[in-house]
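In listed order, ligands and their atoms are each counted from 1. In what follows, residues are counted from 1 in the order of the sequence shown.
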Amino acid sequence: MEHSMEKERERKIKMEEPSKKSVPILPWMRSPIDVSIYEDCPLETLPCLDSRLKAPLQSMGISSLFPVQVAVWQETVGPGSFERDVCINSPTGSGKTLAYALPIVQTLSKRAVRCLRALVVLPTRDLALQVKEVFAAIAPAAGLSVGLAVGQSSIADEIAELIKRPKLEAGICYDPEDISQELQSAVDILVATPGRLMDHINSTKGFTLEHLCYLVVDETDRLLREAYQAWLPTVLQLTRPNHESHFPCVNTFLPSTFGSLKTIRRRGVERGFKDKPYPRLVKMVLSATLTQDPSKLAQLYLHHPLFLTTGESRYKLPEKLESYKLMCESKLKPLYLVALLKSLGGEKCIVFTSSVESTHRLCTLLNFFDDLKIKVKEYSGLQRQSVRSKTLKAFREGEIQVLVSSDAMTRGMDVEGVRNVINYDMPPYIKTYIHRAGRTARAGQTGRCFTLLRKVEVKRFKKQLQKAETNSCPVHTLSSELIESHHPIYLSALEKLKDTIESEASRKRKIGFKYSKMGKGK
Ligand SMILES: Nc1ncnc2c1ncn2[C@@H]1O[C@H](COP(=O)(O)OP(=O)(O)OP(=O)(O)O)[C@@H](O)[C@H]1O
């Protein structure tokens, strides 16, 4: 039974994942710029770099730019002059965030008046917070202000951060009904998640994308997979010249006092812009596993896109990543995991499971192993944002050594010092493997990824890794004494887990019952 299910799954995956040899359908994807021909470039020799940006970069520990950053710099600030939209497919941890953040900050540093000119969209709050930190580290040195729209604070607080009300001058009387006329953006750059972005587009007075020059779609394949209230067509519509907006309320609030500040998009005759709006909205799209699906990429309306990728293979793992497999019986998986964690001696580690439920169960179980002496916490989409943020902070600071996580939350997560990633459940796709494993071996560091495998999964896992041109995945063995030594605790931990899960379920039932009674009483 299990075997036939595996076969069915394998068949499905084959259908969903094109082989690594597949040639991209889109012509512009067939002649990419290979980022690996570039070398690190010290800040001192980086052409055109605004001298004000050197100090903040150095205090971030950056003394030279990584290859992908040099390549993007060439195509944006350098001779490429942002003439083409840029699509970047570069491994996890290769520095994609700074690859777009630095050119945007550098270019906007010459702006005369403040208005919202760059929008960066990310799929999750945690990622948006992380990216905002990068902008916030460099932008103020160039006199630029960065905002965040993720729904972390109340919408009123967010509006107060994003929209500035000019001080009333003595003797001038404003019509309070017409206050929208006086609203201005308080930020030059906005980092947002799609949902909150749409809230501001639809209802925040004074929020306008009229002056937008740069749109970054980070983790593109993830963002294009879900419509998120049609955020992309909406943004593109609102940044088109003389758009006839779907959103009358947005038109109503376009601040007429901006007059001279307006980014007037007109039909261009400049090179490459014939009959296209100019200045056009420059788009930068990025991922470690960029989609090659023409219908998905078509949604972005890219302008003469330039494809930057690393090497020939579509999927690439970080150079200093070591992959290992650990053979184990299904029933004893937790025991193998405990032995592995113990052998890693408290090094920072992320354990991936296949779902939020198994994340919760596994984390609860691990915490019953008193002799593990490692702080283990759960990190999943089931938790409240505040809980997740607290956990992430403690993990960053080293108070927690092991995070047990589901996939949804981990794309792009950048935590220093993660030495190991463990796939407790085998990743279903090579893309998943890449994003999970990519939490380690970042920024040229070394790292290890262990995958716990049942016999029946071995063949499929091998095929999966071949898609990333990786044949090297030796078996990692653990001493049987080490595994056996945890067996008695394992049995009692399983009992405790059963009790905990039952009492959690009955608590949930009671709460549900209480609410249904309250509903009836209304
Ligand atoms: N030029 C640089 N010098 C030193 N460290 C850098 C440099 N650029 C980026 N880093 C560091 O490398 C790490 C990875 O960067 P970043 O998060 O941008 O990677 P990424 O390519 O976006 O990865 P992912 O695909 O997983 O999102 C970060 O900790 C960042 O601070």
Side-chain angles (χ1 to χ4, degrees), residues 35-36 38-46 49 53-54 56-73 86-106 120-124 126-138 191 216-223 284-291 308-310 314-321 348 350 352 392 395-396 405 407-419 421 430-447 449 468:
V35 167
S36 47
Y38 288 89
E39 287 181 357
D40 286 11
C41 176
L43 294 183
E44 286 69 38
T45 56
L46 186 68
L49 179 67
L53 297 176
K54 274 190 194 147
L57 284 168
Q58 278 159 352
S59 48
M60 287 165 80
I62 288 161
S63 52
S64 50
L65 291 197
F66 286 161
V68 69
Q69 296 161 350
V70 180
V72 177
W73 187 262
V86 186
C87 288
I88 302 158
N89 186 50
S90 169
T92 50
S94 58
K96 292 188 286 297
T97 314
L98 201 65
Y100 61 79
L102 194 57
I104 288 176
V105 169
Q106 160 87 22
V120 183
V121 186
L122 292 121
T124 65
D126 299 301
L127 262 190
L129 281 161
Q130 191 177 292
V131 167
K132 196 240 173 178
E133 292 296 305
V134 174
F135 273 103
I138 52 174
V191 183
V216 179
V217 185
D218 203 342
E219 301 293 352
T220 311
D221 44 337
R222 167 92 192 271
L223 274 172
M284 299 171 90
V285 305
L286 313 90
S287 176
T289 53
L290 192 71
T291 180
L308 276 71
T309 187
T310 308
R314 179 174 172 194
Y315 300 118
K316 208 164 163 48
L317 290 160
E319 261 178 31
K320 293 193 183 159
L321 177 84
K348 252 189 206 174
I350 306 181
F352 286 99
L392 195 55
F395 188 52
R396 282 190 200 284
S405 179
D407 287 312
M409 306 317 301
T410 44
R411 258 202 191 219
M413 187 208 269
D414 184 55
V415 176
E416 218 196 313
V418 175
R419 308 280 304 122
V421 164
I430 182 62
K431 282 187 178 192
T432 324
Y433 186 87
I434 285 175
H435 288 287
R436 287 182 182 182
R439 298 316 102 211
T440 185
R442 298 176 71 73
Q445 304 285 304
T446 57
C449 180

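Which of Ala437, Ala443, Gly444 comes nearest to atom 12 (O) of ligand 1 through a heavy atom is settled by distance: it is Ala443. The residue among Arg442, Met60, Gln69 with a heavy atom at the shortest distance from atom 24 (P) of ligand 1 is Arg442. Between Asp40, Leu57, Asp414, it is Asp414 that holds the heavy atom closest to atom 30 (C) of ligand 1.
The shortest N or O to N or O distance between Gly438 and ligand 1 is not below 3.5 Å. Residue Thr92 has no N or O atom closer than 3.5 Å to an N or O atom of ligand 1.
Those atoms of ligand 1 with a heavy atom of Thr97 less than 4.0 angstrom away are 16 (P), 17 (O), 18 (O), 22 (O). Within the listing of ligand 1, atoms 1 (N) sit less than 4.0 angstrom from a heavy atom of Leu65. Proximity to Glu219 (heavy-atom distance under 4.0 Å) selects the following atoms of ligand 1: 27 (O). Residue contact check: Arg439 has heavy atoms under 4.0 Å from atoms 26 (O) of ligand 1. Within ligand 1, counting atoms from 1 as listed, the ones closer than 4.0 Å to a heavy atom of Gly95 are 9 (C), 15 (O), 16 (P), 18 (O), 19 (O), 20 (P), 21 (O). Close approach of ligand 1 to Pro91 (heavy-atom distance below 4.0 Å) involves ligand atoms 21 (O).
Scanning the protein heavy atoms around atom 6 (C) of ligand 1, the nearest turns out to be Phe66 CE1, 3.4 Å. For atom 25 (O) of ligand 1, the closest non-hydrogen atom on the protein side is Lys96 NZ, 2.7 Å. Regarding atom 27 (O) of ligand 1, its nearest protein heavy-atom neighbour is Gly412 CA, 3.2 Å. Looking from atom 23 (O) of ligand 1 to the surrounding protein, the closest heavy atom is Gly93 N, 2.8 Å.
Put simply, the side chain of Asp218 never gets that close to the backbone of Thr97: no donor and acceptor are under 3.5 Å apart. Without hydrogens or angle criteria, Thr220 side chain to Leu286 main chain gives a donor-acceptor distance under 3.5 Å. Side chain of Lys316 to backbone of Ala288: no donor-acceptor contact under 3.5 angstrom is found.
One finds a salt bridge joining Asp414 and Arg442 here, because a Lys/Arg side-chain nitrogen approaches an Asp/Glu carboxylate oxygen to under 4.0 Å.
For the pair Lys348 and Phe395, the distance from NZ or CZ to the six-membered ring centre is under 6.0 Å and the angle to the ring normal is within 45 degrees.
For Asp221, the side chain to side chain donor-acceptor pair (under 3.5 Å) test picks out Ser287, Thr289, Arg411, with sequence neighbours left out. In this structure, Phe135 has no ring pair (Phe, Tyr, Trp, His ring centres under 6.0 Å) partners at least two apart in sequence or on a different chain.
Heavy-atom separations between Ser90 and ligand 1 are all 4.0 Å or longer. Heavy-atom separations between Arg411 and ligand 1 are all 4.0 Å or longer. The shortest separation from a heavy atom of Ser63 to ligand 1 is not under 4.0 Å, leaving the residue out of contact. Heavy atoms of Ser64 approach ligand 1 to within less than 4.0 angstrom.
Atom-to-atom distance recorded for Ser94:OG and Gln69:CD is 8.0 Å, nearest 0.5 angstrom. Here the straight-line distance linking atom NZ of Lys431 with atom CG of Leu290 works out to 8.0 Å at 0.5 Å rounding.
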Starting from the C-alpha separation in whole Å, work towards a yes-or-no answer on side-chain contact (heavy atoms from CB on, under 4.5 Å) for Tyr100 and Val72.
-> CA-CA 7 Å; Tyr100 61 79; Val72 177; 5.5 Å; no
Is there a side-chain contact (heavy atoms from CB on, under 4.5 Å) between Met60 and Ile138 once you walk through the steps?
-> CA-CA 9 Å; Met60 287 165 80; Ile138 52 174; 3.9 Å; yes
List the steps, then state whether side-chain contact (heavy atoms from CB on, under 4.5 Å) holds for Leu57 with Leu102.
-> CA-CA 9 Å; Leu57 284 168; Leu102 194 57; 3.9 Å; yes
